[in-house]
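Heads up, the thing below is written out as structure tokens.
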Amino acid sequence: PLTLGYFSLQPSESYEAVFNFIEVKIVTKGKMVVRDKDNTKYVAEVGDVLVFMPETLVIFDGESDGEAVYFKNVAAVPSYLSQALAATTA
């Protein structure tokens with residue numbers, strides 16, 4: 001399966017995520033700041049592409065303020081689908 005979605009970050013506390021699948025994020029607005037397990041910082045701005053491979057720890061930095069579209073190789077979470085369907089039928 002392949003899922004396409006929308007992702008946004010606003011300035012807040014940093015948080016960690018471990019990706020157990022391949023995910024590609026394309027920044028469409030603002031910037032996204034991420035760090036890896038070695039604390040190396042990457043700043044992605046409009047048009048930049050972030051690629052996260054399986055078993056990758058990503059720290060989303062609190063200074064991030066941006067939006068992206070993403071593709072990942074897992075099925076969509078059912079609760080996300082029900083929200084999208086409700087919005088199209090309202």
Side-chain angles (χ1 to χ4, degrees):
L2 183 65
T3 299
L4 166 68
Y6 165 80
F7 180 77
S8 70
L9 288 171
Q10 294 77 41
S12 63
E13 297 294 318
S14 298
Y15 73 94
E16 296 181 357
V18 175
F19 286 78
N20 295 317
F21 43 81
I22 298 170
E23 182 166 317
V24 177
K25 291 186 187 301
I26 303 165
V27 179
T28 59
K29 182 177 179 182
K31 70 175 182 178
M32 295 197 172
V33 182
V34 298
R35 290 178 277 131
D36 63 18
K37 64 179 174 49
D38 298 321
N39 212 33
T40 302
K41 185 177 184 177
Y42 303 90
V43 179
E45 297 177 322
V46 175
D48 289 340
V49 177
L50 297 167
V51 179
F52 304 126
M53 299 302 289
E55 307 310 316
T56 299
L57 169 69
V58 177
I59 303 162
F60 291 94
D61 199 287
E63 71 179 274
S64 296
D65 190 10
E67 300 176 359
V69 293
Y70 67 84
F71 302 86
K72 61 184 177 179
N73 70 330
V74 294
V77 175
S79 63
Y80 290 1
L81 293 176
S82 62
Q83 292 171 8
L85 290 173
T88 60
T89 59

**Item:** Full working for side chain to side chain contact (heavy atoms under 4.5 Å, CB included) between I22 and M53
**Value:** CA-CA 5 Å; I22 298 170; M53 299 302 289; 4.1 Å; yes
**Message:** Please verify the inter-ring angle class for F7 with F60; under 30° counts as parallel, over 60° as perpendicular, anything in between as tilted.
**Reply:** tilted
**Prompt:** If Ile, Leu, Val, Met, Phe, Trp and Tyr residues are connected whenever their side-chain heavy atoms lie under 4.5 Å apart, and connections chain through other members, are L2 and V49 in the same group?
**Reply:** yes
**Message:** Rounded at 0.5 Å granularity, tell me how far CE in M32 sits from CG in D48.
**Reply:** 11.0 Å
**Request:** Compare all side-chain heavy atoms of Y70 with those of L50 and state whether any distance is below 4.5 angstrom.
**Result:** no
**Message:** Taking the side chain as everything from C-beta on, heavy atoms only, tell me whether Y6 gets closer than 4.5 Å to T28.
**Reply:** no
**Asked** With the 4.5 Å side-chain cut-off for hydrophobic clustering, are F21 and V58 part of the same group?
**Response** yes
**Prompt:** Is any side-chain heavy atom of K72 closer than 4.5 Å to a side-chain heavy atom of F52?
**Reply:** no
**Message:** With clusters defined by side-chain heavy atoms of hydrophobic residues (ILVMFWY) lying less than 4.5 Å apart, directly or transitively, does V69 cluster with V46?
**Reply:** no
**Request:** Please name the pair of heavy atoms, one in G62 and one in S14, separated by the smallest distance, quoted to 0.1 Å.
**Result:** N-OG, 2.9 Å
**Prompt:** In this structure, are over 12 heavy atoms from other groups packed under 6.0 Å from E55 atom CD?
**Reply:** yes
**Request:** Please say which of V43, D65, L9 ends up in a side-chain contact (heavy atoms from CB on, under 4.5 Å) with V33.
**Result:** V43
**Asked** About how many Å separate CD1 of I59 and CG of N39, when rounded to the nearest 0.5 Å?
**Response** 5.5 Å
**Prompt:** Rounded to the nearest 0.5 Å, how far apart are CG of D36 and NZ of K41?
**Reply:** 12.5 Å
**Request:** Give a yes or no on whether the backbone of T40 and the side-chain of D38 come within a donor-acceptor separation of less than 3.5 Å.
**Result:** no
**Fill in**
In this structure, CZ of R35 is separated from OH of Y42 (nearest 0.5 Å) by 12.0 Å
**Asked** Do any N or O atoms from the side chain of T56 and from the backbone of F19 form a donor-acceptor pair under 3.5 angstrom?
**Response** no
**Message:** Any non-hydrogen side-chain atom of E45 less than 4.5 Å from a side-chain atom of V27?
**Reply:** no
